[in-house]
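One structure below.
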Amino acid sequence: MAVTTEPGNIDLREPKGWRRTKNRTATALMVLSLVLVIIPLGFVLFTVIAKGASAISWSFLTGSIPPNVAPADEGGIGPAVVGTIEITALATVMAVPLGVLGAVYLNEYGGRNWLSALIGFMSDVMTGVPSIVMGLFIFSIWVLHFGYSGLAGAFALACLMLPVVIRSSEEMLKLVPDPLREASYALGATKSRVTLTVVLPAAIGGIVSGALLAIARAAGETAPLLFTILTVTATNTNPFSGANTALSTQIFTNATQPYLGAQSRAWGSALTLIAIAFILMIVARIVTARFTRYSN
């Protein structure tokens, strides 16, 4: 409540009392929570950068994967970088459009019918499924019949990404004000046109952020890839045939070895994976900002 101090002057400070105390207490607790989250994250980033920066070089990013016993200055992780980009991109192509369409149906068309309830329930169930279970699922229905491939890994990662995209996109669509829809309907626009030209552009920033969360989760997964792509040392540019490799599986393989060269490559791979996720985030933010400006 505003309190008038002098004629023409308004004191916008919060009035004293229990509400002001609660507000300051809640603010202090939120700041404390932020600090508690940032501290371990900062330690993790510092450790990865400190131990992985020395291994990063152009030859490391493009070189072939050497035997585990090789020294740190020999070979690189080129095949794993290519495999990570291939598998994650293929999973994104499968999961993000399907997830956004599912969110649009839930929020704009489904209402409270049985299909919407089923989709929502299955999304919640899939969100809590461990990644190793998803890997075993794809292994049993795909790998046993068609063999190891990057496509099998993409299926597993897409199953992990899908519920995240659906739920995050649905929440962003709910934040779009109803007056925007009503104004478009008043001008004679159809529901599909309103969804495509009004609702989705208004929520595009949040949808991209949700997709980024899903991609970040998928790119760092190891367990489902161990069951679906195997782990090889050669580059496989065909994700639809033959075993493949990825940064996460190389991190797992090298980190479990007693050799100093393998452990150094594991730290370098971890730093490379973090850098890829950071670059993708920046690119997505730039694209989102330009799309929003164009829409406005």
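Positions are given from 1, in the same order as the sequence printed here.
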Query raised in the report: Could you state the interatomic distance from CG (Leu230) to CG (Leu225), rounded to the nearest 0.5 Å?
Result: 11.0 Å
Report summary line: In terms of heavy-atom contacts, Leu157 and Pro224 come closest through CD2-CG, 4.3 Å
**Report entry** Among Phe139, Trp142, Tyr148, ring pair (Phe, Tyr, Trp, His ring centres under 6.0 Å) partner for Phe155
**Finding:** Trp142
Report task. Say whether, by atom type as modelled, one donor and one acceptor occur between the side chain of Asn236 and the main chain of Thr245 under 3.5 angstrom. Result -> no
Query raised in the report: What do the steps show when you test Val104 against Leu200 for side chain to side chain contact (heavy atoms under 4.5 Å, CB included), and what is the final call?
Result: CA-CA 9 Å; Val104 169; Leu200 286 177; 3.9 Å; yes
Query - Where Ile166 and Ala103 come nearest, the two heavy atoms and their spacing - result: O-CB, 3.5 Å
Requested in this report: Group every Ile, Leu, Val, Met, Phe, Trp and Tyr by side-chain heavy-atom contacts under 4.5 Å, then state whether Val35 and Leu29 land in the same group.
Outcome: no
Query raised in the report: Listed by chain and number, what are the side chain to side chain donor-acceptor pair (under 3.5 Å) partners of Glu221, not counting sequence neighbours?
Result: Ser131
Report task. Would you check, one step at a time, whether the test side chain to side chain contact (heavy atoms under 4.5 Å, CB included) holds for Ser184 with Leu180? Result -> CA-CA 6 Å; Ser184 301; Leu180 290 178; 5.7 Å; no
Report task. Decide yes or no for Ile251 and Thr222: does some side-chain heavy atom of the first lie under 4.5 Å from some side-chain heavy atom of the second? Result -> no
Query - Joint hydrophobic cluster, Val199 plus Leu187, side-chain heavy atoms closer than 4.5 Å - result: no
Query raised in the report: What is the distance from atom NZ of Lys174 to atom OG of Ser169, rounded to the nearest 0.5 Å?
Result: 12.0 Å
Query raised in the report: Is it the case that one hydrophobic cluster holds both Leu136 and Leu144, taking links as side-chain heavy atoms less than 4.5 Å apart, direct or via other members?
Result: yes
Requested in this report: Calculate, to the nearest 0.5 Å, the distance between atoms CE and OG1 belonging to Met30 and Thr27 respectively.
Outcome: 4.5 Å
Query raised in the report: Is it the case that more than 12 heavy atoms not belonging to Leu45 sit under 6.0 Å from its CG atom?
Result: yes
Report summary line: Tightest non-hydrogen contact, residues Arg265 and Pro67, listed as NH2-O, 3.3 Å
Requested in this report: With sequence neighbours excluded, tell me which residues meet side chain to side chain contact (heavy atoms under 4.5 Å, CB included) with Ile141.
Outcome: Phe137, Ile138
Query raised in the report: Would you call Arg167 and Glu171 a salt bridge, taking side-chain N to carboxylate O under 4.0 Å as the test?
Result: no
Report task. Report the distance from atom CZ of Phe60 to atom OG of Ser269, rounding to the nearest 0.5 Å. Result -> 4.5 Å
Query raised in the report: Got a sec: does the CZ of Phe278 have more than 12 other heavy atoms crowding it under 6.0 Å?
Result: no
Query - hydrophobic_cluster_shared for Val81 and Ile215, side chain cutoff 4.5 Å - result: yes
Query raised in the report: Minimum heavy-atom separation for Leu90 to Pro239, with atom names?
Result: CD2-CB, 4.4 Å
Report summary line: Interatomic distance, CZ@Arg181 vs OG1@Thr195, rounded to 0.5 Å, equals 7.5 Å
Query raised in the report: According to a 4.5 Å side-chain heavy-atom criterion applied to Ile, Leu, Val, Met, Phe, Trp and Tyr, with indirect links allowed, do Val125 and Leu118 form part of one hydrophobic cluster?
Result: yes
Report summary line: Taking every heavy atom of Glu108 against every heavy atom of Leu173, the minimum-distance pair comes out as OE2-CB, 4.4 Å
Query - Check: Thr84 side chain, Leu247 main-chain N or O, donor-acceptor pair, under 3.5 Å - result: yes
Query raised in the report: Where the side chain of Gln257 meets the backbone of Gln263, is there a donor-acceptor pair that is under 3.5 Å apart?
Result: no
Report task. Could you tell me which non-hydrogen atom of Leu106 sits nearest to which non-hydrogen atom of Glu170, and how far apart they are? Result -> CD1-OE1, 3.8 Å
Query raised in the report: CE/Met161 to OG1/Thr88 distance, rounded to the nearest 0.5 angstrom?
Result: 8.0 Å
Report task. Take atom CZ of Arg217 as the centre, draw a 6.0 Å sphere, and report whether it contains more than 12 heavy atoms from other residues, nucleotides or ligands. Result -> yes
**Report entry** Distance-only polar pair, side chains of Asn113 and Ser116, donor-acceptor under 3.5 Å
**Finding:** yes
Report task. Count the heavy atoms of every other residue, nucleotide or ligand shown that sit under 6.0 Å from CZ of Phe252, and state whether that count exceeds 12. Result -> no
Query raised in the report: Passes side chain to side chain contact (heavy atoms under 4.5 Å, CB included), Phe227 versus Ile132? Steps please.
Result: CA-CA 8 Å; Phe227 289 98; Ile132 190 171; 3.6 Å; yes
